[in-house]
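What follows is one structure encoded as structure tokens, with my remarks underneath.
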Amino acid sequence: MTDSLLYVLCAFVLIQLFYYLFIFTRLAFYGKSRNYESRPPGVTVLVCALNEKENLMELLPLLDAQEYPEFEVILLDDRSDDGSEEFMRENIHSWKHIRYIRINDEFSHVTPKKYALTVGMKQARYPLALMTDADCRPDSLHWITSMTSQISDEKDIIIGFSPYEKHSGLLNWFIRCETFYTAVQYLSFSLTGLTYMGVGRNILYKTEVFFANKGFYRHRHIMGGDDDIFLNEVATSSNTAISIEPESFVYSKPKTSWSTWLRQKRRHLAVSQFYRKRNKVMLGILSFSHMITWIIGFVALAIGVMNKDILFLQELGIIVGVRWFVQWILFFIINRKLDKTVEWFSFPLMDFAFFIYYIFFGLFVMTRRKPRTTWN
């Protein structure tokens with residue numbers, strides 16, 4: 001029985017190693033590239049906001065100060081009642097690039113954010129639309145330049161990276177771990193031609209792509225999906241690129257309570273049911289093999305200790321050690337590219353944390369309800 005257990009463990013470890021060595025290595029050894037050598041095209045930055053006055057006071061000056069030849073920033077104020085409208089009316093003339101659109105209407109057939117983004121797309125003056133959120137902060141005055149540098153005649157969509165600010169505490173650590181590992185997946189898969197998502201905090205695409213695909217029409221009633229479901233529909237193996245230059249990073253404020261973070265994750269997971277079948281399969285195999293590797297590893301360790309089988313424990317250690325070694329090396333390289341989002345010495349703990357995470361949210365996926373249709 002012990003030999004069979006090791007064979008099964010080897011099989012799942014090999015599945016994990018396939019993802020590490022044939023997919024994640026694309027990101028680990030990805031080099032920088034710039035497509036535009038001449039004057040880049042104009043850009044419209046779209047920011048949706050609902051009661052984000054305090055964040056807008058910080059964000060808008062940073063966006064207005066971006067060093068880029070031709071751009072505008074459209075703030076889409078979705079029925080805010082926290083004084084955002086008064087703040088914008090008083091300060092709009094002090095900024096060179098900021099435009100303000102107040103949205104007072106709400107419709108039952110479309111979620112508020114998707115309606116706001118659609119309004120912004122229709123009002124955009126320029127052929128490129130760059131999205132971020134009110135609680136985000138570009139890490140550089142060259143954010144727009146860095147994101148547009150990947151655009152070309154063939155590349156219609158640019159996926160950026162948006163890490164969370166680093167604070168103390170277990171929740172913040174896990175949020176950064178989850179952000180890092182999610183980025184490892186969607187950036188690596190994009191480099192293999194299997195794009196399935198980006199993050200709405202830092203994504204750019206041509207407006208013509210948006211309108212050619214009827215925008216968010218097919219999922220207009222679903223909360224979320226303005227980044228991942230939309231990319232599932234429009235991204236191909238050749239029209240998408242990534243930007244991981246440090247100047248392209250956009251930092252976001254993390255959730256500060258487990259309850260608000262759980263609500264956010266439930267919404268994201270509920271949206272994932274609308275992914276293409278191939279995306280759900282490849283992500284499902286990755287997370288399932290991760291979970292089963294830990295379960296079999298624990299069972300094998302218990303059997304080996306109870307039987308005092310030193311040889312068996314040594315073989316178990318080699319199998320698990322090879323997986324951890326490959327994972328550690330690749331994550332260390334990628335983590336350096338992604339601004340050291342996670343402390344490198346915590347990778348094994350992160351690996352275990354995701355084992356718990358997959359079990360917990362696996363139960364949620366099996367018992368989920370209809371996705372919500374409100375902002376929060």
Side-chain angles (χ1 to χ4, degrees), residues 27 30 43 45-49 52 55 59 63 111 113-114 116-117 120 128-140 143-144 146-148 150 155-166 172 174-191 194-205 209-210 216 219 222-235 240-255 260-261 263-272 274-275 279 283 334-335 337-339 341-342 371 375-376:
L27 179 60
Y30 177 73
V43 174
V45 179
L46 298 178
V47 182
C48 292
E52 296 280 5
N55 279 321
L59 174 63
L63 295 181
T111 61
K113 186 176 182 180
K114 288 176 182 175
L117 283 173
L128 299 181
L130 177 57
M131 269 65 67
T132 193
D133 289 339
D135 63 347
C136 294
R137 305 290 182 269
D139 199 40
S140 164
W143 168 53
I144 300 177
S146 187
M147 289 293 288
T148 57
Q150 307 300 320
K155 302 299 182 183
D156 301 325
I157 303 164
I158 308 300
I159 300 172
F161 176 54
S162 181
Y164 282 99
E165 295 174 354
K166 185 180 295 187
N172 181 264
F174 187 72
I175 287 174
R176 289 186 284 112
C177 288
E178 198 268 339
T179 301
F180 168 73
Y181 190 47
T182 301
V184 169
Q185 294 175 61
Y186 70 74
L187 293 172
S188 297
F189 279 114
S190 185
L191 290 173
L194 296 171
T195 300
Y196 68 92
M197 70 165 280
V199 289
R201 304 187 301 274
N202 193 13
I203 189 170
L204 177 147
Y205 44 81
V209 172
F210 180 82
F216 307 126
H219 52 92
I222 300 168
M223 177 58 184
D226 50 277
D227 43 18
D228 46 4
I229 299 180
F230 180 73
L231 284 192
N232 257 252
E233 293 179 348
V234 305
T240 306
I242 70 170
S243 180
I244 56 171
E245 295 182 8
E247 291 182 332
S248 72
F249 295 167
V250 172
Y251 276 82
S252 185
K253 295 182 180 295
K255 302 296 183 184
T260 55
W261 177 77
R263 283 199 299 270
Q264 181 188 58
K265 296 313 300 178
R266 288 192 187 104
R267 189 188 73 213
H268 291 170
L269 288 170
V271 166
S272 67
F274 300 100
Y275 285 8
N279 300 140
L283 293 171
I334 296 173
N335 194 41
K337 290 178 179 287
L338 301 183
D339 205 22
T341 307
V342 181
W375 267 72
N376 295 308

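FYI, side chains are in, hydrogens and waters are out, and symmetry mates aren't considered; it's all heavy atoms of this structure. Computed from a predicted model, the values in this text were never measured in an experiment.
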Q. Side chain of K114, backbone of I222: donor and acceptor closer than 3.5 Å?
A. yes
Distance col, row M197:CE vs D227:CG, nearest 0.5 angstrom, shows 6.0 Å
Self-check item: Full working for side chain to side chain contact (heavy atoms under 4.5 Å, CB included) between N55 and R137
Solution: CA-CA 9 Å; N55 279 321; R137 305 290 182 269; 2.9 Å; yes
Item to check | Sub-4.5 Å side-chain heavy-atom contact between W143 and T132 | outcome: yes
Shortest non-hydrogen pair, L231 vs G198, comes out as CD1-N, 3.3 Å
Q | Residue pair D156 / Y205, side-chain heavy-atom distance below 4.5 Å | A | no
Between T179 and F161, is any pair of side-chain heavy atoms under 4.5 Å apart?
-> yes
* **R176 side-chain N/O to T341 backbone N/O, donor-acceptor pair under 3.5 Å** => yes
OH of Y186 to CD1 of I159, rounded to nearest 0.5 Å, is 7.5 Å
- Message: Between L283 and Y275, is there a side-chain heavy-atom distance shorter than 4.5 Å?
- Response: yes
Less than 4.5 Å apart, side chain to side chain, heavy atoms only: is that true for T182 and V199? no
Is any side-chain heavy atom of L27 closer than 4.5 Å to one of I244? yes
If we count only N and O atoms by modelled type, under 3.5 Å, do the side chains of S146 and E245 hold a donor and an acceptor together? yes
Verify, without hydrogens or angle tests, whether N172 (side chain) and P254 (backbone) share a donor-acceptor contact under 3.5 angstrom.
-> no
*Does any non-hydrogen side-chain atom of P246 lie less than 4.5 Å from one of D339?*
no
- [ ] Decide yes or no for Y181 and V342: does some side-chain heavy atom of the first lie under 4.5 Å from some side-chain heavy atom of the second?
- [x] no
Side chain to side chain contact (heavy atoms under 4.5 Å, CB included) evaluation trace for Y164 with R201: CA-CA 11 Å; Y164 282 99; R201 304 187 301 274; 3.3 Å; yes
### Task
Could you tell me whether a side-chain N or O of N202 sits under 3.5 Å from a main-chain N or O of G160, the two making a donor and an acceptor?
no
- Message: Run the side chain to side chain contact (heavy atoms under 4.5 Å, CB included) test on Q264 and T260 for me, step by step, so that the C-alpha distance in whole Å, both residues' side-chain angles and the decisive distance to 0.1 Å come before the verdict.
- Response: CA-CA 6 Å; Q264 181 188 58; T260 55; over 6 Å; no
